[in-house]
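Beneath this line is the structure, given in structure tokens, with notes to follow.
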Amino acid sequence: MENKINIACFKEGSRTAEVKDIWQWDYGQILRIQGLNLPTAVEIHFSLDEHGGEAARRIGVTKDGVTDVVVPDTMLENESAYGDSYYFFAYIYMTDETSGNTEYKIRAKVSTRSKPEGHVSGGNDTFAEILKTVNEIAEDKVGVPVPAKVGQVLAVKETDESGKPTEFEAKDMSGGVSDEKIAEAVGTYMEANPIEESDPTVPDWAKQQDKPTYTAEEVGADASGTAVAKVSEHNTASNAHNDIRLLVQGLTERLNALADSDDTTLDQMSEVVAYIKSNKSLIDAITTSKVNVSDIIDNLTTNVSNKPLSASQGVALKALIDAIVVPTKLSELENDSGYAKTTDIPDKLPNPQKLTFAGAVTAEYDGSGAVTVTIPEGSGGSGGTVRIEKLSTDTAVELEPNKLYIFPEMSELTITMAESSDTGIANEYHLVFQSGATATTLTIPDTVKIPSGFSVDVNKIYEISILEGCLCAQSWVVTV
């Protein structure tokens with residue numbers, strides 16, 4: 001049975017990889033590392049602890065970009081593991097003559113299971129076994145990692161203590177055959193063993209050493225002259241496509257003149273072409289909506305709305321505008337005596353007619369002094385009562401006198417009464433509310449006198465009036 005290979009594949013730019021599907025108590029496992037360009041022999045450390053403890057050292061062998069290393073059996077004999085899995089860690093350790101560095105890390109997940117009865121380790125934890133397995137990996141089983149060219153052989157460069165080769169090198173064969181000798185030998189062989197063409201699809205004439213020749217009649221050519229001569233004769237004939245020749249000749253002359261232009265001219269022309277391409281719609285509009293020179297007005301007296309003014313008249317118009325001096329104060333005005341000054345404006349205007357107030361409040365104003373007239377709010381300005389709509393959320397309201405407050409269905413309502421500024425009139429506090437399926441809890445100031453037996457019942461509309469500190473109420477049943 002071959003050793004099981006567990007693959008750790010590193011993605012480009014990554015320094016870590018993971019391995020799964022390893023079972024506890026297995027042994028003889030190979031960790032295969034892919035995606036890294038590691039040396040032929042590389043040191044790899046194995047540990048059950050990610051951040052502490054002591055690591056077991058192993059040697060990995062790299063062939064064709066793939067590195068194989070033996071997993072220590074101790075990584076799979078973790079008797080202290082609990083749960084359904086645990087991890088061991090492999091650190092790829094790069095060394096040279098002066099330094100050693102941990103470059104990559106592999107985390108391997110091991111699924112736990114019960115220990116087999118009489119379990120015996122695979123024994124790869126001894127150095128001899130490790131070396132044996134490494135050598136098996138290095139032999140083919142994996143192939144020889146040193147390439148050799150034609151005319152070279154692989155020679156042993158170094159061996160281990162037991163005399164087994166550990167490193168090879170390519171060397172030229174001593175007394176090697178020159179290129180001339182090889183060519184001579186191949187030629188002699190081919191002469192003695194010629195290759196016979198046996199493909200039935202290849203005609204006999206194609207197998208001949210010399211190229212065949214043909215007559216003009218065989219290829220449909222004019223026997224009186226070559227094709228080049230005939231074409232030249234046709235091109236110079238005055239009756240052969242004369243219009244095309246003249247067009248080509250003129251175009252050639254223009255292209256030659258353009259090619260002889262200096263760099264500045266060529267750059268300018270390329271810029272003009274680019275501008276024309278990007279502004280074609282604008283150019284089309286200009287060509288279709290152009291202005292005739294005869295339509296341009298060259299004076300400032302012609303009163304025509306659909307003709308343009310010349311540039312020279314624009315300059316004249318600007319000169320006239322620039323010559324205008326706008327005064328910034330009255331003293332700069334000519335004949336300013338005919339204009340009013342701020343000192344001429346009176347502080348107050350006389351009242352031509354006396355203003356008289358009649359009704360609930362009487363007063364007169366003739367302009368001689370300030371007069372304050374207070375119009376009662378309860379009058380509404382037109383003899384009506386001010387009506388104020390409230391919401392079901394307005395559960396606490398201060399009532400102003402001589403206004404009617406309308407409430408919707410209320411679960412509770414607390415009212416207070418604002419003091420009137422005019423004690424010379426009768427001040428009434430007036431409200432209407434609806435009591436629903438649950439009777440409204442009505443709270444009224446203690447100073448108000450309430451009729452004996454008054455209460456708020458369910459499903460009724462109540463109108464309440466408080467006048468001179470006495471409450472008067474009436475109600476109507478609400479049809480549900």
Side-chain angles (χ1 to χ4, degrees), residues 1-11 14-96 99-116 119-139 141-142 145 160-161 164 166:
M1 182 180 65
E2 296 182 355
N3 295 355
K4 180 181 177 183
I5 296 177
N6 304 279
I7 299 176
C9 186
F10 282 81
K11 295 181 180 179
S14 175
R15 301 182 70 85
T16 61
E18 293 206 1
V19 177
K20 299 179 180 180
D21 300 327
I22 303 177
W23 282 96
Q24 187 183 19
W25 306 112
D26 290 354
Y27 61 90
Q29 302 293 298
I30 300 295
L31 175 61
R32 175 161 291 176
I33 302 169
Q34 297 179 348
L36 300 177
N37 187 19
L38 298 177
T40 303
V42 60
E43 186 173 345
I44 301 176
H45 299 165
F46 289 86
S47 176
L48 291 169
D49 297 317
E50 185 175 11
H51 302 293
E54 186 173 351
R57 302 169 68 185
R58 295 292 182 269
I59 301 298
V61 177
T62 302
K63 296 198 54 176
D64 300 328
V66 176
T67 303
D68 286 349
V69 61
V70 181
V71 178
D73 289 341
T74 54
M75 298 296 104
L76 307 177
E77 297 174 347
N78 184 12
E79 295 195 55
S80 62
Y82 61 91
D84 57 2
S85 63
Y86 68 91
Y87 293 90
F88 71 81
F89 304 89
Y91 301 92
I92 301 175
Y93 194 66
M94 309 288 284
T95 62
D96 56 23
S99 64
N101 300 291
T102 301
E103 298 290 345
Y104 303 95
K105 182 176 78 171
I106 300 170
R107 188 174 78 156
K109 183 179 182 180
V110 180
S111 299
T112 57
R113 49 154 292 188
S114 57
K115 179 179 179 180
H119 172 78
V120 178
S121 170
N124 72 7
D125 284 346
T126 66
F127 185 78
E129 291 296 331
I130 294 168
L131 187 59
K132 177 176 179 294
T133 307
V134 169
N135 287 331
E136 289 177 353
I137 294 173
E139 296 169 1
K141 305 183 184 173
V142 221
D160 58 16
E161 296 177 354
K164 181 172 290 187
T166 59

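Side-chain atoms are counted along with the backbone in the values below, which use heavy atoms only and exclude waters and symmetry mates.
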Item to check | Backbone N/O of P39 and side chain of T62: donor-acceptor pair under 3.5 Å | outcome: yes
Checklist entry - If you round to the nearest 0.5 Å, how far is CG of L36 from CD1 of I106? => result 7.5 Å
Item to check | Evaluation steps, side chain to side chain contact (heavy atoms under 4.5 Å, CB included), between I30 and V70 | outcome: CA-CA 5 Å; I30 300 295; V70 181; 4.0 Å; yes
Checklist entry - With no hydrogens and no angle check, is any side-chain donor or acceptor of W23 less than 3.5 Å from a backbone partner on R113? => result no
Checklist entry - Taking only residues two or more places apart in sequence or in another chain, which ones pass ring pair (Phe, Tyr, Trp, His ring centres under 6.0 Å) with F10? => result Y104
Checklist entry - Measuring from K4:NZ to Q29:CD, what's the distance to the nearest 0.5 Å? => result 6.0 Å
Next on the checklist: With salt bridge (Lys or Arg N to Asp or Glu O under 4.0 Å) as the rule and sequence neighbours excluded, what pairs involving residues 34-44 come up?
Outcome noted: E43-R57
Item to check | Sequence-distant partners of D26, side chain to side chain donor-acceptor pair (under 3.5 Å), two or more places apart | outcome: none
Checklist outcome for this item: CD1 of I44 to CE of M94, rounded to nearest 0.5 Å, is 10.0 Å
Next on the checklist: Taking ring pair (Phe, Tyr, Trp, His ring centres under 6.0 Å) as the definition, give me every residue that meets it alongside Y93, ordered by chain and number, with sequence neighbours left out.
Outcome noted: H45
Checklist entry - Counting only N and O atoms by type, is there a donor-acceptor contact under 3.5 Å from the side chain of E103 to the main-chain atoms of I92? => result no
Next on the checklist: Could you measure the distance from the CZ atom of F89 to the CG atom of L48? Nearest 0.5 Å is fine.
Outcome noted: 9.0 Å
Checklist entry - Who are the side chain to side chain donor-acceptor pair (under 3.5 Å) partners of S99, not counting sequence neighbours? => result D96
Checklist entry - CD1 of I22 to NZ of K109: how many Å apart, nearest 0.5 Å? => result 11.5 Å
Checklist entry - With sequence neighbours excluded, what pairs up with R32 under the side chain to side chain donor-acceptor pair (under 3.5 Å) test? => result D68
Item to check | Short side-chain to backbone donor-acceptor contact, S85 and V110, under 3.5 Å | outcome: no
Checklist entry - Can K105 and E50 be counted as an ion pair, charged N to O under 4.0 angstrom? => result yes
Item to check | Test log, rule side chain to side chain contact (heavy atoms under 4.5 Å, CB included), inputs V71 and F88 | outcome: CA-CA 10 Å; V71 178; F88 71 81; 3.9 Å; yes
